[in-house]
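Just so you know, these numbers use all the heavy atoms, side chains as well, and skip hydrogens, waters and symmetry mates. Residue indices begin at 1 and follow the sequence shown.
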Amino acid sequence: MGFGSAWHWIVVLIVVLVLFGRGRVADVMGEFGKGLKSFKQGMNDEDNKPVPPPPAQIPAPESAAAPAPAPAASETIKTGE
C-alpha cells in the first residue's frame, strides 16, 4: 500500500471527516477559497497599477565627465641628467 494509492486517500478522508465533521471541513475549505480569491485579486491590482517613469537624470558637465588628456612625450620632465 503506497502513499499515492486510492485506498490510502479514502481512509485519510474518512478520518478527517470523523474528527472534524463535515461542516467544519466545509468552513475551512470555504475560508481557504476566499483567501485564494483575495490573493489573486491583490495580484491583479498590483499588475494594473501604472508604473511611474524613472526620475530624470541630469547629465554631468563635459569638463567633469572627460578625463584630463595625458601630457605628450615631448612635454615630460626629464630629471637626473
Side-chain angles (χ1 to χ4, degrees):
M1 183 173 224
F3 183 71
S5 70
W7 287 109
H8 173 80
W9 289 111
I10 290 171
V11 170
V12 169
L13 180 62
I14 291 171
V15 169
V16 167
L17 287 176
V18 167
L19 289 176
F20 296 108
R22 195 183 93 188
R24 178 70 180 141
V25 172
D27 290 343
V28 169
M29 294 309 289
E31 292 296 322
F32 181 71
K34 287 179 186 176
L36 282 177
K37 191 176 198 179
S38 175
F39 177 75
K40 286 181 181 180
Q41 185 180 13
M43 292 300 290
N44 285 337
D45 289 346
E46 181 85 17
D47 291 341
N48 292 338
K49 287 184 180 178
V51 177
Q57 296 182 1
I58 301 172
E62 286 188 33
S63 61
S74 62
E75 295 178 8
T76 56
I77 301 172
K78 296 182 182 181
T79 59
E81 284 188 19

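Linking Ile, Leu, Val, Met, Phe, Trp and Tyr residues whenever their side-chain heavy atoms come within less than 4.5 Å places Met29 and Val12 in a single cluster.
Qualifying side-chain contact (heavy atoms from CB on, under 4.5 Å) partners for Leu13, counting only residues two or more places apart in sequence or in other chains: Leu17. Partners of Ile10 according to the side-chain contact (heavy atoms from CB on, under 4.5 Å) rule, which considers only residues two or more places apart in sequence or in another chain, are Trp7, Ile14. Residues passing the salt bridge (charged side-chain N to carboxylate O under 4.0 Å, His left out) test with Lys34, sequence neighbours excluded: Glu31.
Residues near Ile58 contribute nothing to a hydrophobic cluster around it, because no ILVMFWY side-chain heavy atom sits closer than 4.5 Å to its side chain.
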